[in-house]
Protein chains: 2
Amino acid sequence: MRNAMDNESSAPEGWREQKRRETRQRIAETGLNLFIANGYEATTLEAIAAASGISARTFFYYFKSKEDILLAWQQGLPDAVRAAILAEPPDQRPLHLVRNAFLKLAAQFSSEQAAAIDRILRSTEQLRASNQAKFLSMEKATFDALSEHWPQARRRKALQVVAMASVGAMRLSVDAWADEAGQKPLASFIKQTFSALEAEL
Amino acid sequence: MRNAMDNESSAPEGWREQKRRETRQRIAETGLNLFIANGYEATTLEAIAAASGISARTFFYYFKSKEDILLAWQQGLPDAVRAAILAEPPDQRPLHLVRNAFLKLAAQFSSEQAAAIDRILRSTEQLRASNQAKFLSMEKATFDALSEHWPQARRRKALQVVAMASVGAMRLSVDAWADEAGQKPLASFIKQTFSALEAEL
DNA sequence: AGAGAAATTTACAGTCTGTGCAATTTCAAA
DNA sequence: TTTGAAATTGCACAGACTGTAAATTTCTCT
C-alpha cells in the first residue's frame, strides 16, 4: 500500500532495479573486455565472475548463459528498429521506408564497440549461429512496425516479405562492411544493397 | 600401390568407408528416434551411445557434437540446392529460376521425417539458432550456383541479393507451411511467397 | 527502531557435453 | 604371418550450467 509523500514507485523499488542494472552492466563490460583480450572460448565463467567481484553462481542470477553476455549488448536493437520505422513518414513504399529507417539506424549501431562485438560473434561456430537470431529479431520488429503503418490484413504477406528482404539486405550490408574492415561507412553499403535489391526484382 | 585384380578402390578401401558410413548412419537414426521419443535435451549422449552399441567416447569419433546428429540429416541440402539450380534453363530471370528450382526441391525435402526433424529443430533456443545456419548454407549454395549461370563479376551483387531474397522466401514458406501443420502442400506456399516478393519490389 | 518479507548472494554437490591421452582391438595390405 | 593404420575404448579432466539450502542484505510496514 502506498500513501502520502510517496513518489510513485521510482525511488523505492527503483533503487533495487537500478543497482541490479548496474551490476548487470558491470558484468557485461567485464565479460566483453575479457572476450576481446583473450577470446571467447578461452574466457571462463570463473574468470568473468572473479573479475566482476561476484561468485560464479551469482553470474547465473544475472545472465542465463555465457553467450547471453553478448546478446545483452544488442538488447535495445528491436526497439530501436521499431522506433526508427515508426518515425518514418508513411508516404513511401514499404521497402523504401525501411531502407531509410535502417540508414538512420546505422549511425547508432556501427560504433567501435559494436564492431568489436561483431568480431567476437563471428569467431566461433556457436556464436555465428546465435548471431543469426539477432537478424530474426530484427525481422520481427520490422514486420511489427510495418504492420502499424499498414494495418490492413491483406497486406500481411507483403509486409512479411518486405521485412525479410530488408533485414536480409541489412545483413548483406553489414557483412560487406565488416569484410572491408570499415573503409567506407556502413550507410553506403546499405544504399548499394537496397539498390541492387530493387533493380533485380 | 594398386595392381592386378584390383577394382579401383571400391572394394578394398571401400569396405572400411562403407562400414564407417553405416555406423554413422545407425547412430544418426538411433539418436533421431530417441530425440523424437524423449525430446532433445532429455536424451543424453550416454543413452544414444548405449542404444547404438558404442561407447560414449566413440560417439565423438563419428560426430563432433550431439547437435551434429541433426545437422547430418541435412548434409545433402547444399548439393541438392546447387544441382536443382544448375538444372534449370538459364533463359529466365535469376529470381524466377531459383523459384522454379526450389519448387522442384520442395518435393524431396518435405517428407514426414523432415517434418519430425524440423519439429525438434524448433524445440529449443540452441537448436533454433543452429537451424538458421541451414538457411545460410542454402544461401551460399544458391549464390554459388547462380554464379555459374552468370559468371560476370558485375552481376555479383545482384546475385547475392537474389540468393538472399530467394532463400528468405523459402524460409517464410516453410514457416507458414509448418504453422498450418501441412494442410496445403509446401509448393503452394512457395508460389505465393515468391509472388508477394515480386509484387512488392 | 525493529520485526518480517523479499531479494540477493554464496557454497556445495552434482549432471552433462566435450577433449586429451594412451592402451587395445580390428583389419587390410605386404 | 607380420605390420601399420584405423577404430574403439577407458579414464581423467575441464567447463558450463542447475538444484538446493543456507546466509546475508535490503526493503516495507508497523
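Proteins get letters first, then strands, A, B, ... in listed order; numbering begins at 1 in each.
One finds a salt bridge joining A/R93 and A/E198 here, because a Lys/Arg side-chain nitrogen approaches an Asp/Glu carboxylate oxygen to under 4.0 Å. For the pair A/E139 and A/K134, the salt-bridge criterion is not met [side-chain N within less than 4.0 Å of a carboxylate O]. Under the 4.0 Å criterion applied to side-chain N and carboxylate O atoms, A/E125 and A/R128 are assigned as salt-bridge partners.
Among the heavy atoms of the strands lying under 4.0 Å from A/Y62 are primed sugar atoms or P, OP1, OP2 only; no base atom is included. Nucleic acid contact class of B/T23 (heavy atoms, under 4.0 Å, all strands): none. As judged by a 4.0 angstrom heavy-atom cut-off over every strand, B/T43 is placed among residues touching the sugar-phosphate backbone only. Using a 4.0 Å heavy-atom distance criterion, B/T44 is classed as a sugar-phosphate-only contact.
Taking atom CD of B/E17 as the reference point, atom P of D/dA7 lies 9 Å away to the nearest angstrom. Rounded to whole angstrom, the span from the CG atom of B/N38 across to the P atom of C/dC16 amounts to 13 Å. Straight-line distance from the CD1 atom of B/I69 to the P atom of C/dT17: 10 Å, rounded to whole Å. To the nearest angstrom, P of D/dA16 lies 13 Å from CG of A/L70. Rounded to whole Å, the distance from CZ on A/F60 to C1' on C/dC12 is 15 Å. If you take CD of B/E46 and P of D/dT9, they are 12 Å apart, rounded to a whole angstrom. Here the P atom of nucleotide D/dA16 and the CD atom of A/E67 are 12 Å apart, to the nearest Å.
Nearest-nucleotide positions on DNA chain C place A/S55 closer to the 5' end than the other of B/F63 and A/S55. A residue-by-residue look at A/Y40 and A/R57 shows that A/Y40 has its nearest nucleotide of DNA chain D further toward the 5' end.
Between the side chains of A/T142 and A/S166, not a single donor N or O lies within less than 3.5 Å of an accepting N or O.
If you check D/dA6, C/dT9, D/dC17 against the side chain of A/Y61, the one that comes closest is C/dT9.
For D/dA6, neither phosphate oxygen OP1 nor OP2 lies less than 4.0 angstrom from any side-chain nitrogen or oxygen of B/K19.
The shortest heavy-atom contact between B/A72 and B/R24 is CB-NH2, 3.7 Å.
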